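The structure under discussion is supplied below as structure tokens; questions concerning it will follow.
Being a predicted model, the structure only gives us computed values, none of them experimental.
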Amino acid sequence: MIETFSLSKVYDKGVTALSGITTTINDRLTAIIGRNGAGKTTFSRIVSTQLEPTSGSAIIDGLDILRDARRIRKRIVSIPQEASPISVLTPLEQVKLYLVGRGLSIKEAHAETIRVLDAMNMRDFKNSPADTLSGGMKRKIFVCMAIASNADIVFLDEPTTGLDPVSRMEVWSSLGELSGEVILTTHYMEEAQELADRVILFEKGRIIEDGTVENLLSKFRGKVRVECPQLDDYDYRIGNRVIKYVNRKDANEYIGLGCKVKPITLDDIFLSHGVQLEY
Ligand SMILES: Nc1ncnc2c1ncn2[C@@H]1O[C@H](COP(=O)(O)OP(=O)(O)OP(=O)(O)O)[C@@H](O)[C@H]1O
Ligand SMILES: [Mg+2]
């Protein structure tokens with residue numbers, strides 16, 4: 001369980017990355033979403049004891065991030081957004097070394113590494129040095145480490161960015177196997193929608209939406225999104241497209257106007273806060 005109390009972070013150059021975050025995270029899988037620069041990584045780094053807050057505090061499973069950081073680190077695993085593997089080590093060596101570092105015997109570490117690499121379809125690459133692997137496979141090494149760690153709390157900062165659709169689904173199903181609590185930062189709305197028990201939307205260092213996917217989408221109940229080339233009366237404009245939310249029963253008349261009809265997704269939660277989508 002993660003409890004934060006007025007957590008704030010102002011970086012050296014005066015950038016406010018977090019503004020007084022007070023929340024409790026206790027679900028099996030919590031997705032943190034928000035546009036670039038919203039404060040997601042800063043939040044994850046502070047609660048995983050890699051960065052000190054400017055003010056406020058956080059408690060992880062009863063331990064204080066400032067006073068008990070060493071004890072917390074034994075119980076969590078955090079895979080950073082920019083993580084890249086040691087180029088000369090193979091996935092087998094990398095994951096095994098990591099597990100030995102966490103206290104497993106070499107024999108246990110070897111068996112667990114083989115199990116996870118197999119489960120993540122990395123068997124054919126397990127003896128290839130990381131610098132000969134593709135970007136997506138390098139990311140998967142870290143996901144394998146997280147899965148193999150059996151930590152109580154797992155922080156994954158954009159673990160599937162750059163992965164092909166098959167690899168992403170492998171990661172998704174392996175996340176389901178994690179025994180601990182998972183905090184997942186993602187830009188893929190379908191990932192949050194598929195996996196998360198709870199979704200937290202960050203914007204400008206604050207939490208602006210927080211709830212189950214169903215809660216967040218409830219304001220759009222009964223509606224669909226229509227994307228049109230032209231329309232005088234619309235809700236949002238992105239580039240040269242306009243978007244309007246209409247009742248499902250009225251969708252046909254918009255199809256007649258050349259609009260595309262789409263189901264409501266978490267993207268629409270972004271739009272409802274004036275957050276621009278990247279297409
Ligand atoms: N080390 C740093 N020094 C100064 N400013 C920083 C530093 N790290 C992050 N920031 C700033 O803090 C804000 C929040 O950044 P953060 O990395 O937490 O965002 P994010 O939500 O993870 O974004 P992304 O989706 O791009 O990963 C941004 O304005 C960023 O420029
Ligand atoms: Mg980030």
Check your understanding: Under 3.5 Å, side chain of Arg206 to main-chain N/O of Leu18, donor-acceptor pair present?
Key -> no
**Study point:** Qualifying residue, where the test is salt bridge (charged side-chain N to carboxylate O under 4.0 Å, His left out) with Asp268 and the options are Lys219, Arg225, Arg221, Lys223
**Key:** Arg225
Exercise for review: Could you grab the distance from atom CD1 of Ile65 to atom CD of Glu3, nearest 0.5 Å is fine?
Suggested key: 12.0 Å
Check your understanding: Which heavy atom in Ala130 sits nearest to a heavy atom in Lys138, and how many Å separate them?
Key -> O-CE, 3.1 Å
**Study point:** Distance in Å, Leu29 CG paired with Leu156 CG, rounded so as to fall on 0.5 Å steps
**Key:** 8.5 Å
**Study point:** Val224 and Pro263, any side-chain heavy atoms less than 4.5 Å apart
**Key:**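 When only atoms from C-beta onward are counted, Val224 and Pro263 do not touch, as no gap falls below 4.5 Å.
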Practice item. Report the distance from atom CD of Glu158 to atom CD1 of Ile32, rounding to the nearest 0.5 Å. Key: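 The distance works out to 11.5 Å.
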**Study point:** Distance-only side-chain donor-acceptor flag, Glu203 / His273, under 3.5 Å
**Key:**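 Their side chains do not contain a donor-acceptor pair, so the 3.5 Å distance test is not met.
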Point to revise | Shortest non-hydrogen contact from Lys40 toward Ile33 | key: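 Shortest heavy-atom separation between Lys40 and Ile33 comes out as CD-C, 3.6 Å.
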Exercise for review: Decide whether Tyr11 and Val47 are clustered together by the hydrophobic rule: side chain heavy atoms of Ile, Leu, Val, Met, Phe, Trp, Tyr closer than 4.5 Å, transitively.
Suggested key: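 Yes, Tyr11 and Val47 fall within the same hydrophobic cluster.
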Practice item. Could you please spell out the steps behind the side chain to side chain contact (heavy atoms under 4.5 Å, CB included) verdict for Thr90 and Ser128? Key: CA-CA 5 Å; Thr90 67; Ser128 310; 5.7 Å; no
Point to revise | Pair Thr49, Arg73: side-chain N/O donor-acceptor within cut-off below 3.5 Å | key: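 Their side chains do contain a donor-acceptor pair, which is all the 3.5 Å distance test asks for.
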Review point. So, Thr113 side chain and Ala109 main chain: donor-acceptor pair closer than 3.5 Å or not?
Key: yes
Exercise for review: May I ask you to check whether Trp172 and Glu191 show a side-chain donor-acceptor distance below 3.5 Å?
Suggested key: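 Their side chains do contain a donor-acceptor pair, which is all the 3.5 Å distance test asks for.
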Practice item. Would you indicate whether the side-chain heavy atoms of Ser174 and Ile147 approach each other to under 4.5 Å? Key: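 When only atoms from C-beta onward are counted, Ser174 and Ile147 do touch, with a gap below 4.5 Å.
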Practice item. Could you check Glu108, His110, Lys126, Met145 and say which one makes a side-chain contact (heavy atoms from CB on, under 4.5 Å) with Lys96? Key: His110
**Study point:** Step-by-step side chain to side chain contact (heavy atoms under 4.5 Å, CB included) determination, Lys204 to Ser19
**Key:** CA-CA 8 Å; Lys204 298 197 175 108; Ser19 294; over 6 Å; no
Practice item. Please check if Ile46 and Phe202 belong to a single hydrophobic cluster, counting links between Ile, Leu, Val, Met, Phe, Trp and Tyr side chain heavy atoms closer than 4.5 Å. Key: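 Yes.
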**Study point:** Residue pair Val242 / Tyr236, side-chain heavy-atom distance below 4.5 Å
**Key:** no
**Study point:** From Lys244, Arg241, Arg237, Lys260, residue fulfilling salt bridge (charged side-chain N to carboxylate O under 4.0 Å, His left out) relative to Glu227
**Key:**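 Only one of Lys244, Arg241, Arg237, Lys260 forms a salt bridge (charged side-chain N to carboxylate O under 4.0 Å, His left out) with Glu227, namely Arg241.
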Practice item. Look up atom CZ in Phe5 and atom OG in Ser55, then write down how far apart they are to the nearest 0.5 Å. Key: 14.0 Å
**Study point:** Within-4.5 Å side-chain heavy-atom neighbours: Leu133 and Pro91
**Key:**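 Heavy-atom side-chain distance check passes, below 4.5 Å.
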Review point. With a 3.5 Å cut-off and no angle check, do the side chains of Thr41 and Gln81 form a donor-acceptor pair?
Key: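 Present: a donor and an acceptor within the cut-off.
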Practice item. Could you tell me whether a side-chain N or O of Thr4 sits under 3.5 Å from a main-chain N or O of Thr23, the two making a donor and an acceptor? Key: yes
Check your understanding: Going by the angle between their ring planes, with limits at 30° and 60°, are Tyr245 and Phe220 parallel, tilted or perpendicular?
Key -> tilted
**Study point:** Closest approach of Val199 to Val213 (non-hydrogen atoms, all atoms of both residues)
**Key:**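 Heavy atoms only, the tightest pair is CG2-CG2, 3.7 Å.
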Check your understanding: Counting N and O atoms only, with roles assigned by atom type, does the side chain of Arg102 sit under 3.5 Å from a partner on the main chain of Leu97, one being a donor and the other an acceptor?
Key ->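 Checking the backbone N and O of Leu97 against the side chain of Arg102, no donor-acceptor pair under 3.5 Å is found.
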Practice item. Report the C-alpha separation of His187 and Asn36 in whole Å, then their side-chain angles, then the decisive distance to 0.1 Å, and conclude whether the side chain to side chain contact (heavy atoms under 4.5 Å, CB included) test is met. Key: CA-CA 9 Å; His187 284 292; Asn36 295 135; 3.5 Å; yes
Practice item. Decide whether Ile25 and Leu7 are clustered together by the hydrophobic rule: side chain heavy atoms of Ile, Leu, Val, Met, Phe, Trp, Tyr closer than 4.5 Å, transitively. Key: yes
Review point. Taking side chain as C-beta onward, heavy atoms only, is Glu181 less than 4.5 Å from Asn26?
Key: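 In short, these two side chains touch, coming nearer than 4.5 Å.
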Check your understanding: Just by modelled atom types, is the Arg67 backbone N or O under 3.5 Å from a matching donor or acceptor in the Asp64 side chain?
Key ->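 It does hold such a pair.
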Check your understanding: Closest heavy-atom contact between Thr42 and Ala17?
Key ->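 Between these two residues, the closest heavy atoms are OG1-CB, 3.7 Å.
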Exercise for review: Group every Ile, Leu, Val, Met, Phe, Trp and Tyr by side-chain heavy-atom contacts under 4.5 Å, then state whether Val95 and Val171 land in the same group.
Suggested key: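 Yes, Val95 and Val171 fall within the same hydrophobic cluster.
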**Study point:** Approximate separation, where rounding is to 0.5 Å, of Leu117 CG and Ile141 CD1
**Key:**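 Leu117 CG to Ile141 CD1: 8.5 Å, rounded to 0.5 Å.
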Practice item. Using the ring of Tyr188 (Phe, Tyr or Trp, six-membered ring only), decide whether Arg168 places NZ or CZ under 6.0 Å from its centre and within 45 degrees of its axis. Key: yes
Check your understanding: Looking only at heavy atoms, which two atoms of Gln193 and Leu266 are closest? And how far apart?
Key -> OE1-N, 3.5 Å
**Study point:** Contact check, side chains of Ile76 and Phe155, non-hydrogen atoms, under 4.5 Å
**Key:**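 Yes; the side chains approach each other to less than 4.5 Å.
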Review point. Just checking, any donor-acceptor pair under 3.5 angstrom between side chains of Ser167 and Asp164?
Key: yes
Check your understanding: Is it true that Glu112 and Arg115 make a salt bridge, defined as a side-chain N closer than 4.0 Å to a carboxylate O?
Key ->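 Yes.
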Point to revise | Contact summary for Ala151 and Arg75, nearest pair of heavy atoms | key: CB-O, 3.6 Å
Check your understanding: Are Ile264 and Val261 connected, step by step, through hydrophobic side chains (Ile, Leu, Val, Met, Phe, Trp, Tyr) whose heavy atoms are closer than 4.5 Å?
Key -> no
Check your understanding: Which disulfide (SG to SG under 2.5 Å) pairs, counting each pair once, include a residue from residues 153-258, with sequence neighbours left out?
Key ->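 Residue pairs with at least one partner in residues 153-258: Cys228-Cys259.
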Review point. Hey, what do you get for CD1 (Ile153) to CD1 (Ile2), rounding to the nearest 0.5 Å?
Key: 4.5 Å
Check your understanding: Do the numbers put Lys140 on top of the ring of Phe142, so that NZ or CZ is under 6.0 Å from the six-membered ring centre and no more than 45° off the axis?
Key -> no
Review point. Is there a donor-acceptor pair closer than 3.5 Å between any side-chain N or O of Lys9 and the backbone N or O of Gly39?
Key: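 Such a contact is absent between Lys9 side chain and Gly39 backbone.
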Review point. Any chance CG of Leu257 has more than 12 other-residue heavy atoms, nucleotides or ligands included, within less than 6.0 Å?
Key: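 For Leu257, atom CG is crowded (more than 12 foreign heavy atoms under 6.0 Å).
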Review point. Considering only heavy atoms from C-beta outward, does the side chain of Leu195 approach that of Leu184 to under 4.5 Å?
Key: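 With C-beta onward as the side chain, the pair touches.
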Point to revise | Distance-only side-chain donor-acceptor flag, Thr265 / Glu190, under 3.5 Å | key: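 No donor-acceptor contact under 3.5 Å links the two side chains.
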Review point. Between Ile200 and Thr30, is any pair of side-chain heavy atoms under 4.5 Å apart?
Key: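 When only atoms from C-beta onward are counted, Thr30 and Ile200 do touch, with a gap below 4.5 Å.
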**Study point:** Test side chain to side chain donor-acceptor pair (under 3.5 Å) applied to Asn215 and Ser218, step by step
**Key:** CA-CA 5 Å; Asn215 292 154; Ser218 62; 5.9 Å; no
